[in-house]
**Q** 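Got a structure for you, questions after.
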Protein chains: 2
Amino acid sequence: MRDDDIAIIMRAMGHPVRLNILRILARQERGECCCADVTDELTLAQSTVSQHIKVLLDAGLIERKPRGTRNCYIVQHDRLAALGDAYAGMIAGFSPAPSNLEAEPA
Amino acid sequence: MRDDDIAIIMRAMGHPVRLNILRILARQERGECCCADVTDELTLAQSTVSQHIKVLLDAGLIERKPRGTRNCYIVQHDRLAALGDAYAGMIAGFSPAPSNLEAEPA
DNA sequence: GTGGTTAATCGTCATTTGACGATAAAATGG
DNA sequence: CCATTTTATCGTCAAATGACGATTAACCAC
């Protein structure tokens with residue numbers, strides 16, 4: 001995963017409302033999905049929620065599933081996990097003891 | 001770690017240049033720290049780099065250490081790890097099988 | 001087809017971001 | 001003390017963000 005991709009996902013998650021939306025979607029996922037249910041859990045206008053959802057969509061963190069007259073969104077756990085892996089790998093590379101020191105401590 | 005904190009850190013890391021700066025700082029950390037070395041590794045103005053550094057500072061991802069006439073910055077591995085933990089915990093809570101389903105699969 | 005519901009899109013607006021050059025501020029070397 | 005180096009800060013500017021209301025589009029149910 002490139003830096004650009006990590007940055008895009010991080011940026012998408014870098015807003016408390018969007019973290020909240022992810023949480024709400026994940027919670028509703030058992031059984032029924034949701035869409036405007038998100039809107040009245042938040043004290044925000046419908047268009048604002050739709051914008052936030054679009055950001056999450058563009059980052060690949062959720063997926064749209066049209067269901068009749070409403071749109072449901074599914075959290076993409078794969079992508080969340082992928083970011084977790086990429087992040088873990090990155091900060092592992094950040095740790096001390098790089099190439100020319102970890103070989104011979106003598 | 002609250003959603004706001006996670007969002008602040010994610011936002012700070014949600015830019016490829018800042019990811020790069022973190023990487024550069026982490027790399028230089030063995031032996032000597034650095035400051036303007038970052039600037040000429042990137043094709044960006046000094047003031048721009050300083051701004052990005054300030055964002056990382058405010059998010060607690062790096063720490064300033066004045067060393068003579070120059071300022072060195074140290075990656076805060078603790079905070080990076082804390083975000084990793086918070087993130088892992090969060091997406092673990094996102095997983096399916098919530099409270100009323102995981103008990104009795106019968 | 002008409003009406004109602006849901007949700008995306010549009011237009012607007014204030015604020016923030018990202019970039020830059022220019023300017024100050026602090027420590028070093030002479 | 002003066003010049004130099006380093007770096008933070010200031011002012012500016014274009015572009016993006018976050019929020020909103022209003023409008024449009026799509027899909028039922030009559």
Side-chain angles (χ1 to χ4, degrees), chain A residues 3-25 28-29 31-75, chain B residues 3-25 28-29 31-75:
Chain A
D3 269 9
D4 291 319
D5 299 311
I6 297 179
I8 287 174
I9 302 181
M10 288 245 182
R11 193 165 209 159
M13 300 187 75
H15 194 293
V17 167
R18 288 195 286 267
L19 287 179
N20 210 353
I21 291 177
L22 281 179
R23 213 185 303 278
I24 292 170
L25 290 178
Q28 305 291 91
E29 201 161 332
E32 273 307 282
C33 58
C34 65
C35 45
D37 310 306
V38 178
T39 300
D40 46 43
E41 284 217 49
L42 312 170
T43 51
L44 285 173
Q46 176 264 322
S47 56
T48 304
V49 175
S50 198
Q51 291 287 351
H52 281 301
I53 283 178
K54 183 169 172 43
V55 174
L56 294 172
L57 260 180
D58 292 344
L61 291 172
I62 60 178
E63 205 183 45
R64 176 177 295 159
K65 187 195 284 186
R67 188 163 299 255
T69 174
R70 66 186 65 195
N71 276 344
C72 301
Y73 293 94
I74 312 292
V75 175
Chain B
D3 268 10
D4 290 321
D5 299 311
I6 297 179
I8 288 174
I9 302 181
M10 288 246 182
R11 193 164 209 160
M13 300 186 75
H15 194 293
V17 167
R18 288 195 287 266
L19 288 179
N20 210 353
I21 290 178
L22 281 179
R23 214 186 302 278
I24 293 171
L25 290 179
Q28 305 291 94
E29 201 161 334
E32 273 307 282
C33 58
C34 64
C35 47
D37 310 307
V38 177
T39 300
D40 47 42
E41 284 217 48
L42 311 170
T43 53
L44 286 173
Q46 176 265 323
S47 56
T48 304
V49 174
S50 198
Q51 290 287 351
H52 281 301
I53 283 179
K54 182 168 170 45
V55 174
L56 294 172
L57 258 180
D58 292 343
L61 291 172
I62 61 179
E63 205 183 47
R64 176 176 296 158
K65 187 194 286 186
R67 186 162 301 254
T69 173
R70 66 186 65 195
N71 277 343
C72 300
Y73 293 95
I74 312 291
V75 176

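Residue numbers begin at 1 in each chain, while the letters A, B, ... track the order of the sequences. Bear in mind the structure is a predicted one, so any value in this text is a computation, not a measurement.
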**Q** Generate the contact string for nucleotides 14-30 of chain D. Rules: B means base contact, S means sugar-phosphate contact only, - means no protein heavy atom under 4.0 Å.
**A** ---SSSBBB----BS--

**Q** Quick one: closest heavy-atom pair of A/R67 and A/C72, and the distance?
**A**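 Closest approach of A/R67 to A/C72: CB-SG, 4.0 Å.
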
**Q** I need the minimum non-hydrogen distance between B/N71 and B/P66, along with the two atoms involved.
**A**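 Closest approach of B/N71 to B/P66, heavy atoms only: OD1-CA, 3.3 Å.
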
**Q** Identify the heavy atoms of B/L57 and B/E63 that sit nearest to each other, and give their distance.
**A** CD2-CA, 4.0 Å

**Q** Figure out the NZ/C1' separation between A/K54 and C/dT6, and round it to whole Å.
**A** 18 Å

**Q** Measure from CZ on A/R70 to C1' on C/dT6 and round the result to the nearest Å.
**A** 7 Å

**Q** Verify the contact: side-chain N or O of B/N71 to OP1 or OP2 of D/dA8, cut-off strictly under 4.0 Å; return yes or no.
**A**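 Answer yes for this pair, as a side-chain N or O of B/N71 is under 4.0 Å from OP1 or OP2.
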
**Q** Stem list for DNA chain D, please, built from Watson-Crick and G-U wobble pairs under 3.5 Å and keeping only runs of at least 3.
**A** C:1-30 with D:1-30

**Q** Kindly indicate whether the side chain of A/V75, heavy atoms from C-beta on, has any atom under 4.5 Å from the side chain of A/L61.
**A** no

**Q** Among B/L56, B/V49, B/I62, B/I53, whose side chain to side chain contact (heavy atoms under 4.5 Å, CB included) with B/R18 holds?
**A** B/L56

**Q** Where do B/Q46 and B/T39 come nearest, in terms of heavy atoms and distance?
**A** CA-CG2, 3.9 Å

**Q** Side-chain contact, heavy-atom cut-off 4.5 Å: B/I6 with A/L19?
**A** yes

**Q** Is there side-chain contact between A/T48 and A/H52, with heavy atoms separated by less than 4.5 Å?
**A**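 In contact.
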
**Q** Atom CG of B/D58 to atom P of C/dG18: distance rounded to whole Å?
**A** 13 Å

**Q** Rounded to the nearest Å, what distance is computed from the CG atom of residue B/L42 to the C1' atom of nucleotide C/dA19?
**A** 13 Å

